[in-house]
Amino acid sequence: MIWSVWNKIYDRDFLLKNDIYFKTNKMEDIIFIYETILKSARFMFIQDATYYYRINRKNSIMSNKTDRIYNCIKAAAELKKLLKSQNLFETYKKSFYPYIALLFAAEFEVSSLSSGQLAKISFIIKRIFFNAMNIPFYKTYDKFSYKIRLFCFYLCLKYGINYAVIGRILRKTYNFCAEFFTFWKGKFSNL
C-alpha cells in the first residue's frame with residue numbers, strides 16, 4: 001500500500017531538509033509519499049506488522065465515500081503535476097497510470113454516489129488521464145485480484161461502461177474468495 005502514509009517511518013531531518021510536508025488538501029498523503037520517495041536516496045521494507053489501523057473512525061475521510069473520488073482526481077492531477085515539474089513524468093508514466101487506475105477503481109467500488117454521477121466521473125477521468133494513453137495498464141501488476149480489477153476498469157473506460165457495478169461485484173467476489181480460502185487454509189493447517 002504505497003499511498004498510505006501510516007505504514008512508514010520518516011526521518012524528520014530529511015523531511016525538513018527537503019521541505020516535504022503535508023499540504024492542506026484532502027488525500028495529501030499521496031503527494032507527501034511521492035515527494036518523499038522521489039527525494040529519497042534509499043528506503044527499506046520490513047515484514048513485521050508494527051501498526052494497527054482503525055478504519056471505522058466517524059470523521060475520517062475513509063467514512064466519507066461521497067467526496068473521496070473527487071479528492072482522488074485532484075490528488076492524481078497533483079501527482080502528475082509533481083512528476084512533470086521534476087521532469088520525471090515520462091520516466092514514471094508506465095507506473096503512474098496503473099497506480100491511479102487502481103486508485104480510481106477502488107474508489108468506484110466503494111463510492112456512495114449514484115450510477116449517473118459515477119458515469120460522469122468516469123468520463124472525466126478518461127478525458128483527463130487516460131484518453132491519449134495506449135498502455136494496457138492492467139498488465140503491470142502481478143497480483144491476480146489487481147490484474148482482473150484493472151482489466152475490467154480498462155475495458156469500462158475504453159468502451160464507456162460504468163465500472164461501479166462491475167467493480168462492486170468483483171470486490172465482493174474477491175473478498176468472499178479470500179475469506180473462503182483463509183477459512184479452508186486454517187482447517188487444513190491443523191491436520
Taking atom OH as the centre, does Y21 end up with more than 12 heavy-atom neighbours from other residues, nucleotides or ligands that are less than 6.0 angstrom away? no
Kindly list each side-chain donor-acceptor pair under 3.5 angstrom involving residues 162-171, sequence neighbours excluded, with atom names and distances?
unit_1: N162; atom_1: OD1; unit_2: A164; atom_2: N; d: 3.1
unit_1: N162; atom_1: ND2; unit_2: S115; atom_2: O; d: 2.9
unit_1: Y163; atom_1: OH; unit_2: E109; atom_2: OE2; d: 2.6
unit_1: R168; atom_1: NE; unit_2: E109; atom_2: O; d: 3.4
unit_1: R168; atom_1: NH2; unit_2: S111; atom_2: O; d: 2.5
unit_1: R171; atom_1: NH1; unit_2: E109; atom_2: OE1; d: 2.5

Hey, could you give me each pair passing salt bridge (charged side-chain N to carboxylate O under 4.0 Å, His left out) that has a residue in residues 30-41? Not counting sequence neighbours. K23-E35
If you apply the rule side-chain contact (heavy atoms from CB on, under 4.5 Å), what do you find for F129 with L157, and how did you get there? CA-CA 11 Å; F129 296 106; L157 282 178; over 6 Å; no
Residue pair L118 / I69, side-chain heavy-atom distance below 4.5 Å: yes
I'd like to check the ring-ring contact (aromatic ring centres under 6.0 Å, His included) partners of Y159; sequence neighbours left out, ordered by chain and number. none
Give, for atom OH of Y10 and atom CZ of F43, the distance between the pair rounded to the nearest 0.5 Å. 11.0 Å
Reported NZ-to-CD1 distance for the pair K8 and I37, which is rounded to 0.5 angstrom: 6.5 Å
When you group the ILVMFWY residues by side-chain heavy-atom contacts below 4.5 Å and let the links chain together, are F45 and I33 in the same group? yes
Calculate, to the nearest 0.5 Å, the distance between atoms CD and OH belonging to Q117 and Y70 respectively. 5.0 Å
Check the hydrophobic clustering (I, L, V, M, F, W, Y; side-chain heavy atoms under 4.5 Å; chains of links allowed) and say if F123 and L103 are grouped together. no
Stepwise side-chain contact (heavy atoms from CB on, under 4.5 Å) check, I73 with I121: CA-CA 9 Å; I73 293 169; I121 292 168; 3.8 Å; yes
Above 12 or not: heavy atoms from other molecules or residues under 6.0 Å from CD1 of I9? no
Is it possible for you to say whether Y174 and Y154 belong to one hydrophobic cluster, with membership spreading through side-chain heavy-atom contacts below 4.5 Å? no
By salt bridge (charged side-chain N to carboxylate O under 4.0 Å, His left out), which residues pair with E179, not counting sequence neighbours? none
Tell me, with the steps shown, if L82 and L79 meet side-chain contact (heavy atoms from CB on, under 4.5 Å). CA-CA 5 Å; L82 170 69; L79 179 56; 4.3 Å; yes
For the atom pair OG (S85) and CG (L83), what is the distance rounded to the nearest 0.5 Å? 7.5 Å
Do Y34 and Y92 have ring centres separated by under 6.0 Å? no
Which residues satisfy the ring-ring contact (aromatic ring centres under 6.0 Å, His included) test with F96, sequence neighbours excluded? F89
Testing I31, N18, I20, D11 one by one against T36 for a side chain to side chain contact (heavy atoms under 4.5 Å, CB included), which residue passes? I20
With sequence neighbours left out, what residues match F14 under ring-ring contact (aromatic ring centres under 6.0 Å, His included)? none
Here the gap from E107 atom CD to L113 atom CG, rounded to the nearest 0.5 Å, amounts to 10.0 Å
